[in-house]
Number of protein chains: 2
Amino acid sequence: MADQVLKRRDAERTKAEILEVATQAFAEDGYSGARVDEIAERTRTTKRMIYYYFGGKEQLYLAVLEHAYRGIREAEERLEVGDLGPVDAVRRLAELTYDHHVEHQAFMRLVAIENIHRGEGVRKLEVLRDLGKPAMEVLESILDRGIADGVFRADVDALDVHLLISSYCVFQVANQYTFGYLFDVDLLADGTRPRLRAMIGDVVVAWLAAPGR
Amino acid sequence: MADQVLKRRDAERTKAEILEVATQAFAEDGYSGARVDEIAERTRTTKRMIYYYFGGKEQLYLAVLEHAYRGIREAEERLEVGDLGPVDAVRRLAELTYDHHVEHQAFMRLVAIENIHRGEGVRKLEVLRDLGKPAMEVLESILDRGIADGVFRADVDALDVHLLISSYCVFQVANQYTFGYLFDVDLLADGTRPRLRAMIGDVVVAWLAAPGR
DNA sequence: GAGTCAATGTACTAAATGGTACGTTCACGG
DNA sequence: CCGTGAACGTACCATTTAGTACATTGACTC
(Lines give C-alpha, C1' and ligand atoms only; values in the text may rest on other atoms or scores of the structure.)
Protein backbone atom coordinates (compact mmCIF):
# COMPACT_ATOMS: atom_id res chain seq x y z
CA MET A 1 0.00 0.00 0.00
CA ALA A 2 1.21 3.52 -0.70
CA ASP A 3 1.76 5.25 2.62
CA GLN A 4 -1.15 7.33 3.72
CA VAL A 5 -0.60 11.02 3.52
CA LEU A 6 -2.93 11.70 6.41
CA LYS A 7 -1.91 9.05 8.87
CA ARG A 8 -3.89 9.66 11.99
CA ARG A 9 -1.43 7.82 14.17
CA ASP A 10 2.27 7.74 13.59
CA ALA A 11 4.52 7.32 16.58
CA GLU A 12 7.73 8.19 14.75
CA ARG A 13 6.32 11.29 13.23
CA THR A 14 4.89 12.53 16.51
CA LYS A 15 8.11 11.82 18.35
CA ALA A 16 10.17 13.55 15.68
CA GLU A 17 7.92 16.58 15.69
CA ILE A 18 8.14 16.94 19.45
CA LEU A 19 11.92 16.64 19.23
CA GLU A 20 12.14 19.32 16.60
CA VAL A 21 9.95 21.80 18.42
CA ALA A 22 11.74 21.06 21.69
CA THR A 23 15.10 21.67 20.05
CA GLN A 24 13.99 25.11 18.99
CA ALA A 25 12.51 25.84 22.39
CA PHE A 26 15.52 24.77 24.43
CA ALA A 27 17.96 26.49 22.08
CA GLU A 28 15.92 29.66 22.34
CA ASP A 29 15.19 29.83 26.06
CA GLY A 30 17.51 27.42 27.81
CA TYR A 31 16.49 24.50 29.95
CA SER A 32 14.65 26.41 32.66
CA GLY A 33 13.34 29.00 30.27
CA ALA A 34 11.73 26.53 27.91
CA ARG A 35 8.17 25.56 28.83
CA VAL A 36 6.77 22.10 28.36
CA ASP A 37 3.31 23.54 27.75
CA GLU A 38 4.60 25.84 25.06
CA ILE A 39 6.46 23.04 23.33
CA ALA A 40 3.29 20.99 23.37
CA GLU A 41 1.24 23.85 21.99
CA ARG A 42 3.56 24.33 19.05
CA THR A 43 3.12 20.70 18.20
CA ARG A 44 0.39 18.91 16.31
CA THR A 45 -0.08 16.84 19.46
CA THR A 46 -0.42 17.44 23.21
CA LYS A 47 1.70 17.61 26.33
CA ARG A 48 0.56 14.14 27.23
CA MET A 49 2.60 12.77 24.33
CA ILE A 50 5.81 14.42 25.53
CA TYR A 51 5.55 12.45 28.74
CA TYR A 52 4.43 9.35 26.87
CA TYR A 53 7.45 9.34 24.58
CA PHE A 54 10.16 11.03 26.59
CA GLY A 55 9.19 10.71 30.22
CA GLY A 56 9.74 14.27 31.37
CA LYS A 57 11.30 17.62 30.69
CA GLU A 58 14.79 16.56 31.56
CA GLN A 59 14.72 13.44 29.41
CA LEU A 60 13.30 15.52 26.59
CA TYR A 61 16.21 17.91 26.94
CA LEU A 62 18.67 15.04 26.87
CA ALA A 63 17.01 13.63 23.77
CA VAL A 64 17.29 17.04 22.12
CA LEU A 65 20.94 17.27 23.06
CA GLU A 66 21.78 13.83 21.76
CA HIS A 67 19.87 14.32 18.54
CA ALA A 68 21.55 17.66 17.94
CA TYR A 69 25.02 16.26 18.54
CA ARG A 70 24.33 13.34 16.22
CA GLY A 71 23.24 15.70 13.50
CA ILE A 72 26.40 17.73 13.96
CA ARG A 73 28.58 14.67 13.77
CA GLU A 74 27.03 13.79 10.44
CA ALA A 75 27.67 17.29 9.19
CA GLU A 76 31.23 17.18 10.44
CA GLU A 77 31.93 13.90 8.76
CA ARG A 78 31.31 15.60 5.47
CA LEU A 79 34.17 18.00 6.14
CA GLU A 80 36.58 17.17 3.33
CA VAL A 81 39.66 19.15 2.54
CA GLY A 82 40.43 17.27 -0.64
CA ASP A 83 43.97 16.69 -1.82
CA LEU A 84 45.40 20.08 -1.03
CA GLY A 85 48.89 20.79 0.28
CA PRO A 86 49.09 21.02 4.06
CA VAL A 87 49.03 24.81 4.18
CA ASP A 88 46.00 25.13 1.94
CA ALA A 89 44.37 22.17 3.65
CA VAL A 90 44.60 23.68 7.12
CA ARG A 91 43.36 27.00 5.83
CA ARG A 92 40.45 25.28 4.14
CA LEU A 93 39.65 23.30 7.27
CA ALA A 94 39.55 26.51 9.28
CA GLU A 95 37.21 28.13 6.78
CA LEU A 96 34.92 25.12 6.64
CA THR A 97 34.82 25.03 10.43
CA TYR A 98 33.93 28.70 10.42
CA ASP A 99 31.10 28.10 7.94
CA HIS A 100 29.94 25.12 9.93
CA HIS A 101 29.53 27.20 13.07
CA VAL A 102 27.79 30.05 11.34
CA GLU A 103 25.39 27.59 9.74
CA HIS A 104 24.52 25.79 12.96
CA GLN A 105 23.83 28.61 15.35
CA ALA A 106 20.95 26.84 17.06
CA PHE A 107 23.29 24.01 17.90
CA MET A 108 25.87 26.46 19.21
CA ARG A 109 23.24 27.86 21.52
CA LEU A 110 22.53 24.40 22.88
CA VAL A 111 26.23 23.94 23.53
CA ALA A 112 26.38 27.25 25.36
CA ILE A 113 23.40 26.24 27.44
CA GLU A 114 25.02 22.92 28.22
CA ASN A 115 28.11 24.73 29.47
CA ILE A 116 26.00 26.95 31.67
CA HIS A 117 24.86 23.69 33.22
CA ARG A 118 28.47 22.59 33.55
CA GLY A 119 28.04 19.83 30.99
CA GLU A 120 25.79 17.72 33.19
CA GLY A 121 23.71 16.81 30.15
CA VAL A 122 26.44 15.63 27.80
CA ARG A 123 28.03 13.62 30.57
CA LYS A 124 24.91 11.49 30.67
CA LEU A 125 25.20 10.73 26.97
CA GLU A 126 27.80 8.03 26.47
CA VAL A 127 27.19 8.08 22.74
CA LEU A 128 29.02 11.37 22.39
CA ARG A 129 32.29 10.16 23.81
CA ASP A 130 34.10 9.81 20.51
CA LEU A 131 32.30 12.55 18.68
CA GLY A 132 35.41 14.64 18.27
CA LYS A 133 37.49 11.89 16.74
CA PRO A 134 36.82 12.26 13.02
CA ALA A 135 37.64 15.97 12.86
CA MET A 136 40.74 15.32 14.92
CA GLU A 137 41.96 12.63 12.57
CA VAL A 138 41.63 14.84 9.52
CA LEU A 139 43.59 17.51 11.32
CA GLU A 140 46.29 15.09 12.46
CA SER A 141 46.96 13.85 8.98
CA ILE A 142 47.24 17.38 7.64
CA LEU A 143 49.67 18.29 10.42
CA ASP A 144 51.75 15.17 9.84
CA ARG A 145 52.11 16.02 6.20
CA GLY A 146 53.00 19.62 6.97
CA ILE A 147 55.64 18.61 9.48
CA ALA A 148 57.09 16.04 7.10
CA ASP A 149 57.27 18.70 4.40
CA GLY A 150 59.02 21.00 6.83
CA VAL A 151 56.43 23.75 6.41
CA PHE A 152 54.91 23.31 9.90
CA ARG A 153 56.67 23.43 13.21
CA ALA A 154 56.83 20.02 14.87
CA ASP A 155 55.88 20.97 18.40
CA VAL A 156 52.17 21.52 17.99
CA ASP A 157 49.41 19.13 18.86
CA ALA A 158 46.34 18.57 16.72
CA LEU A 159 44.15 19.27 19.73
CA ASP A 160 45.79 22.68 20.20
CA VAL A 161 45.07 23.61 16.62
CA HIS A 162 41.51 22.42 16.94
CA LEU A 163 41.13 24.38 20.16
CA LEU A 164 42.35 27.53 18.49
CA ILE A 165 40.04 27.18 15.51
CA SER A 166 37.05 26.20 17.65
CA SER A 167 37.57 29.09 20.03
CA TYR A 168 37.54 31.57 17.23
CA CYS A 169 34.54 30.12 15.44
CA VAL A 170 32.45 29.46 18.53
CA PHE A 171 33.09 32.91 19.92
CA GLN A 172 31.85 34.75 16.88
CA VAL A 173 28.54 32.97 17.05
CA ALA A 174 28.15 32.49 20.79
CA ASN A 175 29.29 35.94 21.88
CA GLN A 176 28.12 37.98 18.93
CA TYR A 177 25.63 39.96 21.00
CA THR A 178 27.76 41.20 23.88
CA PHE A 179 30.89 41.64 21.77
CA GLY A 180 28.92 43.27 19.02
CA TYR A 181 27.28 45.68 21.41
CA LEU A 182 30.42 46.64 23.32
CA PHE A 183 32.53 47.22 20.23
CA ASP A 184 29.77 48.32 17.94
CA VAL A 185 30.30 45.73 15.24
CA ASP A 186 28.21 42.98 13.71
CA LEU A 187 30.59 40.05 13.44
CA LEU A 188 28.26 38.14 11.15
CA ALA A 189 27.24 40.99 8.86
CA ASP A 190 27.87 40.49 5.17
CA GLY A 191 30.47 43.22 5.17
CA THR A 192 32.48 41.72 7.99
CA ARG A 193 32.12 37.96 7.73
CA PRO A 194 34.34 37.22 4.73
CA ARG A 195 37.29 39.02 6.31
CA LEU A 196 36.83 37.26 9.64
CA ARG A 197 36.38 33.97 7.82
CA ALA A 198 39.73 34.35 6.09
CA MET A 199 41.45 35.65 9.19
CA ILE A 200 41.41 32.46 11.22
CA GLY A 201 43.14 30.62 8.39
CA ASP A 202 45.84 33.30 8.29
CA VAL A 203 46.32 33.05 12.02
CA VAL A 204 46.61 29.29 12.13
CA VAL A 205 48.91 29.10 9.12
CA ALA A 206 51.13 31.86 10.48
CA TRP A 207 51.37 30.09 13.81
CA LEU A 208 52.08 26.69 12.31
CA ALA A 209 54.71 28.13 9.99
CA ALA A 210 56.46 30.06 12.74
CA PRO A 211 59.64 28.51 14.14
CA GLY A 212 59.08 26.56 17.36
CA ARG A 213 60.57 27.94 20.52
CA MET B 1 30.26 59.07 66.50
CA ALA B 2 32.24 56.01 65.47
CA ASP B 3 30.11 54.08 63.06
CA GLN B 4 28.14 51.37 64.77
CA VAL B 5 29.36 47.87 64.10
CA LEU B 6 25.93 46.35 64.56
CA LYS B 7 23.71 48.64 62.56
CA ARG B 8 20.29 47.11 62.58
CA ARG B 9 19.24 49.06 59.53
CA ASP B 10 21.57 49.80 56.69
CA ALA B 11 20.09 50.32 53.27
CA GLU B 12 23.41 50.19 51.44
CA ARG B 13 24.52 47.03 53.14
CA THR B 14 21.24 45.26 52.49
CA LYS B 15 21.21 46.32 48.88
CA ALA B 16 24.79 45.23 48.39
CA GLU B 17 24.15 41.86 49.98
CA ILE B 18 21.16 41.19 47.77
CA LEU B 19 23.21 42.14 44.74
CA GLU B 20 26.00 39.81 45.68
CA VAL B 21 23.78 36.84 46.34
CA ALA B 22 21.81 37.56 43.18
CA THR B 23 25.02 37.68 41.15
CA GLN B 24 25.94 34.21 42.32
CA ALA B 25 22.43 32.93 41.69
CA PHE B 26 22.08 34.31 38.17
CA ALA B 27 25.60 33.25 37.22
CA GLU B 28 24.89 29.77 38.48
CA ASP B 29 21.42 29.13 37.10
CA GLY B 30 20.72 31.72 34.44
CA TYR B 31 17.90 34.21 34.44
CA SER B 32 14.99 31.77 34.36
CA GLY B 33 16.79 29.23 36.50
CA ALA B 34 17.51 31.62 39.34
CA ARG B 35 14.75 31.85 41.94
CA VAL B 36 13.82 35.05 43.70
CA ASP B 37 12.79 33.09 46.78
CA GLU B 38 16.12 31.34 46.92
CA ILE B 39 18.05 34.57 46.53
CA ALA B 40 16.05 36.04 49.39
CA GLU B 41 16.67 33.01 51.58
CA ARG B 42 20.39 33.22 51.14
CA THR B 43 20.26 36.80 52.29
CA ARG B 44 20.14 38.27 55.74
CA THR B 45 16.92 39.91 54.64
CA THR B 46 13.68 38.90 52.92
CA LYS B 47 12.17 38.80 49.48
CA ARG B 48 10.25 41.92 50.28
CA MET B 49 13.50 43.89 50.22
CA ILE B 50 14.40 42.69 46.75
CA TYR B 51 11.24 44.28 45.44
CA TYR B 52 11.72 47.30 47.68
CA TYR B 53 15.18 48.06 46.34
CA PHE B 54 15.17 46.66 42.83
CA GLY B 55 11.56 46.47 41.76
CA GLY B 56 11.48 42.96 40.35
CA LYS B 57 13.43 40.00 39.09
CA GLU B 58 14.31 41.57 35.78
CA GLN B 59 15.55 44.81 37.29
CA LEU B 60 17.56 42.79 39.78
CA TYR B 61 19.15 40.91 36.91
CA LEU B 62 19.98 44.15 35.15
CA ALA B 63 21.51 45.56 38.33
CA VAL B 64 23.62 42.42 38.65
CA LEU B 65 24.74 42.71 35.05
CA GLU B 66 25.67 46.35 35.35
CA HIS B 67 27.49 45.85 38.64
CA ALA B 68 29.42 42.91 37.22
CA TYR B 69 30.46 44.82 34.11
CA ARG B 70 31.57 47.79 36.21
CA GLY B 71 33.72 45.53 38.34
CA ILE B 72 35.29 44.04 35.25
CA ARG B 73 36.04 47.44 33.81
CA GLU B 74 37.91 48.34 36.97
CA ALA B 75 39.87 45.11 36.76
CA GLU B 76 40.64 45.72 33.11
CA GLU B 77 41.85 49.21 33.73
CA ARG B 78 44.61 47.74 35.85
CA LEU B 79 45.92 45.82 32.85
CA GLU B 80 49.37 47.30 32.38
CA VAL B 81 51.96 45.94 30.02
CA GLY B 82 54.73 48.22 31.28
CA ASP B 83 57.45 49.50 28.99
CA LEU B 84 58.06 46.35 27.03
CA GLY B 85 58.89 46.12 23.36
CA PRO B 86 55.84 45.58 21.14
CA VAL B 87 56.35 41.84 20.77
CA ASP B 88 56.72 41.22 24.48
CA ALA B 89 53.94 43.69 25.22
CA VAL B 90 51.42 41.93 23.03
CA ARG B 91 52.42 38.58 24.45
CA ARG B 92 52.05 39.94 27.96
CA LEU B 93 48.67 41.46 27.15
CA ALA B 94 47.48 38.10 25.85
CA GLU B 95 48.64 36.36 29.01
CA LEU B 96 47.07 38.93 31.29
CA THR B 97 43.83 38.63 29.36
CA TYR B 98 44.00 34.88 29.78
CA ASP B 99 44.52 35.22 33.53
CA HIS B 100 41.76 37.77 33.72
CA HIS B 101 39.26 35.37 32.19
CA VAL B 102 40.31 32.45 34.33
CA GLU B 103 39.99 34.59 37.43
CA HIS B 104 36.54 35.91 36.59
CA GLN B 105 34.65 32.80 35.66
CA ALA B 106 31.44 33.89 37.34
CA PHE B 107 31.44 37.00 35.18
CA MET B 108 32.09 34.90 32.09
CA ARG B 109 29.04 32.86 32.94
CA LEU B 110 26.93 36.01 33.13
CA VAL B 111 28.21 37.02 29.72
CA ALA B 112 27.31 33.62 28.30
CA ILE B 113 23.83 33.93 29.80
CA GLU B 114 23.46 37.39 28.33
CA ASN B 115 24.31 36.03 24.90
CA ILE B 116 21.73 33.29 25.28
CA HIS B 117 19.29 36.14 25.73
CA ARG B 118 20.67 37.79 22.62
CA GLY B 119 22.15 40.67 24.62
CA GLU B 120 18.79 42.15 25.55
CA GLY B 121 20.13 42.97 28.99
CA VAL B 122 23.31 44.82 28.06
CA ARG B 123 21.45 46.78 25.44
CA LYS B 124 19.41 48.34 28.23
CA LEU B 125 22.55 49.49 30.02
CA GLU B 126 23.86 52.61 28.35
CA VAL B 127 26.70 52.79 30.85
CA LEU B 128 28.48 49.93 29.15
CA ARG B 129 28.77 51.53 25.77
CA ASP B 130 32.42 52.49 26.02
CA LEU B 131 33.48 49.65 28.27
CA GLY B 132 35.78 48.17 25.66
CA LYS B 133 37.66 51.39 24.99
CA PRO B 134 40.52 51.24 27.50
CA ALA B 135 41.68 47.75 26.55
CA MET B 136 41.44 48.74 22.92
CA GLU B 137 43.59 51.81 23.38
CA VAL B 138 46.36 49.88 25.09
CA LEU B 139 46.32 47.41 22.22
CA GLU B 140 46.33 50.13 19.60
CA SER B 141 49.39 51.81 21.00
CA ILE B 142 51.26 48.49 21.12
CA LEU B 143 50.33 47.76 17.54
CA ASP B 144 51.37 51.21 16.40
CA ARG B 145 54.77 50.79 17.94
CA GLY B 146 55.18 47.34 16.45
CA ILE B 147 54.24 48.53 13.00
CA ALA B 148 56.57 51.52 13.30
CA ASP B 149 59.39 49.19 14.32
CA GLY B 150 58.62 46.99 11.34
CA VAL B 151 58.08 43.89 13.46
CA PHE B 152 54.32 43.75 12.93
CA ARG B 153 52.45 43.61 9.68
CA ALA B 154 50.57 46.82 8.98
CA ASP B 155 47.26 45.40 7.79
CA VAL B 156 45.76 44.29 11.08
CA ASP B 157 43.22 46.10 13.15
CA ALA B 158 43.35 46.31 16.94
CA LEU B 159 39.82 44.98 17.11
CA ASP B 160 40.84 41.88 15.16
CA VAL B 161 43.64 41.18 17.59
CA HIS B 162 41.33 41.71 20.52
CA LEU B 163 38.76 39.42 18.95
CA LEU B 164 41.33 36.69 18.51
CA ILE B 165 42.59 36.93 22.06
CA SER B 166 39.11 37.19 23.53
CA SER B 167 37.85 34.21 21.55
CA TYR B 168 40.61 32.04 22.84
CA CYS B 169 40.33 33.13 26.47
CA VAL B 170 36.55 33.13 26.64
CA PHE B 171 36.29 29.72 25.03
CA GLN B 172 38.52 27.99 27.52
CA VAL B 173 36.39 29.16 30.37
CA ALA B 174 32.96 29.23 28.77
CA ASN B 175 33.21 25.93 26.89
CA GLN B 176 35.43 24.00 29.26
CA TYR B 177 32.74 21.45 30.06
CA THR B 178 31.62 20.33 26.62
CA PHE B 179 35.07 20.61 25.07
CA GLY B 180 36.66 18.93 28.04
CA TYR B 181 34.21 16.07 27.93
CA LEU B 182 34.36 15.49 24.18
CA PHE B 183 38.15 15.56 23.99
CA ASP B 184 38.84 14.22 27.43
CA VAL B 185 40.96 17.11 28.66
CA ASP B 186 40.72 19.59 31.49
CA LEU B 187 41.67 22.89 29.92
CA LEU B 188 42.08 24.58 33.27
CA ALA B 189 43.97 21.84 35.06
CA ASP B 190 47.32 22.80 36.55
CA GLY B 191 49.13 20.53 34.11
CA THR B 192 47.51 22.10 31.06
CA ARG B 193 46.91 25.74 31.85
CA PRO B 194 50.45 27.11 31.66
CA ARG B 195 50.94 25.70 28.17
CA LEU B 196 47.61 27.05 26.95
CA ARG B 197 48.34 30.37 28.60
CA ALA B 198 51.59 30.71 26.67
CA MET B 199 50.07 29.45 23.45
CA ILE B 200 47.81 32.39 22.70
CA GLY B 201 50.78 34.74 22.92
CA ASP B 202 52.69 32.59 20.46
CA VAL B 203 49.75 32.56 18.11
CA VAL B 204 49.18 36.31 18.14
CA VAL B 205 52.85 37.15 17.83
CA ALA B 206 53.32 34.68 14.98
CA TRP B 207 50.34 36.14 13.18
CA LEU B 208 51.40 39.75 13.69
CA ALA B 209 54.94 38.98 12.59
CA ALA B 210 53.86 37.13 9.46
CA PRO B 211 54.05 39.03 6.18
CA GLY B 212 50.73 40.55 5.12
CA ARG B 213 49.07 39.09 2.09
C1' DG C 1 -15.34 -8.19 12.86
C1' DA C 2 -13.83 -8.83 17.51
C1' DG C 3 -10.12 -8.32 20.38
C1' DT C 4 -6.10 -5.95 21.74
C1' DC C 5 -2.79 -2.79 22.65
C1' DA C 6 -0.21 1.19 21.16
C1' DA C 7 -1.27 5.92 20.55
C1' DT C 8 -3.75 9.87 21.84
C1' DG C 9 -6.87 13.55 24.15
C1' DT C 10 -9.07 15.90 28.26
C1' DA C 11 -9.16 17.48 32.47
C1' DC C 12 -7.03 17.82 36.42
C1' DT C 13 -3.49 18.54 40.58
C1' DA C 14 0.14 19.84 43.67
C1' DA C 15 3.85 22.56 44.02
C1' DA C 16 6.53 26.30 42.78
C1' DT C 17 7.01 31.05 41.72
C1' DG C 18 6.91 36.06 41.03
C1' DG C 19 4.80 39.53 43.20
C1' DT C 20 2.09 42.32 46.85
C1' DA C 21 -1.05 44.16 50.90
C1' DC C 22 -0.46 45.50 55.17
C1' DG C 23 1.53 46.04 59.39
C1' DT C 24 5.79 46.98 62.34
C1' DT C 25 10.16 48.87 63.86
C1' DC C 26 13.93 51.67 64.15
C1' DA C 27 16.70 55.99 63.51
C1' DC C 28 16.84 60.71 63.47
C1' DG C 29 15.55 65.70 63.48
C1' DG C 30 13.18 69.24 65.94
C1' DC D 1 10.69 62.54 73.56
C1' DC D 2 7.84 62.39 69.91
C1' DG D 3 6.45 62.53 65.21
C1' DT D 4 7.70 60.84 60.73
C1' DG D 5 9.29 58.36 57.10
C1' DA D 6 12.62 55.07 55.49
C1' DA D 7 13.64 50.26 56.22
C1' DC D 8 11.97 45.96 57.13
C1' DG D 9 8.94 41.45 58.13
C1' DT D 10 4.81 38.32 57.65
C1' DA D 11 1.49 36.38 55.42
C1' DC D 12 -0.70 36.03 51.59
C1' DC D 13 -2.33 35.81 46.39
C1' DA D 14 -2.73 34.72 41.43
C1' DT D 15 -0.49 32.28 37.95
C1' DT D 16 2.32 29.35 36.02
C1' DT D 17 4.33 24.94 35.51
C1' DA D 18 5.70 20.12 35.49
C1' DG D 19 3.43 16.17 35.78
C1' DT D 20 -0.71 12.60 35.90
C1' DA D 21 -5.35 9.88 36.20
C1' DC D 22 -8.46 8.29 33.29
C1' DA D 23 -10.97 7.75 29.31
C1' DT D 24 -10.87 6.97 24.19
C1' DT D 25 -9.63 5.99 19.61
C1' DG D 26 -7.81 3.71 15.88
C1' DA D 27 -4.83 0.31 13.43
C1' DC D 28 -3.59 -4.25 12.97
C1' DT D 29 -4.08 -9.45 13.85
C1' DC D 30 -6.35 -13.71 13.78
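As a basis for the values below, the full set of heavy atoms in this structure was taken, side chains included, without hydrogen atoms, waters or symmetry mates. Sequence lines set the chain letters: A, B, ... in the order given, protein chains first and strands last, and positions in each chain run from 1.
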Using a cut-off of 4.0 Å on non-hydrogen atoms, how would the nucleic acid contact of Tyr53(A) be classed: base, sugar-phosphate, or nothing?
sugar-phosphate
Residues which pass side chain to side chain contact (heavy atoms under 4.5 Å, CB included) with Leu196(A), listed by chain and number, not counting sequence neighbours
Tyr98(A), Tyr168(A), Gln172(A), Leu187(A), Thr192(A), Met199(A), Asp160(B), Leu163(B)
Five pairs per end, C1' atoms only: what is the angle between the end axes of the helix from dG1(C)-dC30(D) to dG30(C)-dC1(D), to 10 degrees?
10°
Could you tell me whether Arg145(A) sits above the aromatic face of Phe152(A), with NZ or CZ closer than 6.0 angstrom to the six-membered ring centre and within 45 degrees of the axis?
no
Would you give me the side-chain donor-acceptor pairs under 3.5 Å for residues 69-81 of chain A, sequence neighbours excluded?
unit_1	atom_1	unit_2	atom_2	d
Arg70(A)	NE	Glu66(A)	OE2	3.4
Arg70(A)	NH2	Glu66(A)	OE2	2.7

Would you indicate, yes or no, if dG9(D) has its OP1 or OP2 atom less than 4.0 angstrom from a side-chain nitrogen or oxygen of Thr45(B)?
yes
Enumerate the residues from residues 56-68 of chain A whose closest heavy atom to DNA chain C is under 4.0 Å, giving them by residue number; use none for an empty result.
none
Using a cut-off of less than 4.0 Å, is there contact between a side-chain N or O of Tyr51(A) and OP1 or OP2 of dG19(D)?
yes
Would you mind telling me which residue lines up with the more 5' stretch of DNA chain C, Gly33(B) or Thr14(A), judged by nearest nucleotide?
Thr14(A)
Between His101(A) and Phe107(A), does the ring centre distance come in under 6.0 Å?
no
How is Ala40(B) classified with respect to the nucleic acid when contacts are heavy atoms under 4.0 Å: base, sugar-phosphate, or nothing?
nothing
For dT8(C), does OP1 or OP2 lie under 4.0 Å from any side-chain N or O of Thr46(A)?
no
Does Glu28(B) have any side chain to side chain contact (heavy atoms under 4.5 Å, CB included) partners at least two apart in sequence or in another chain, and if so, which?
Arg118(A), Arg109(B)
Any N/O pairs under 3.5 Å between the protein and nucleotides 14-16 of chain D? List them or say none.
none

State plainly whether the residues Arg91(A) and Asp202(A) are in salt-bridge range, i.e. N to O under 4.0 Å.
yes
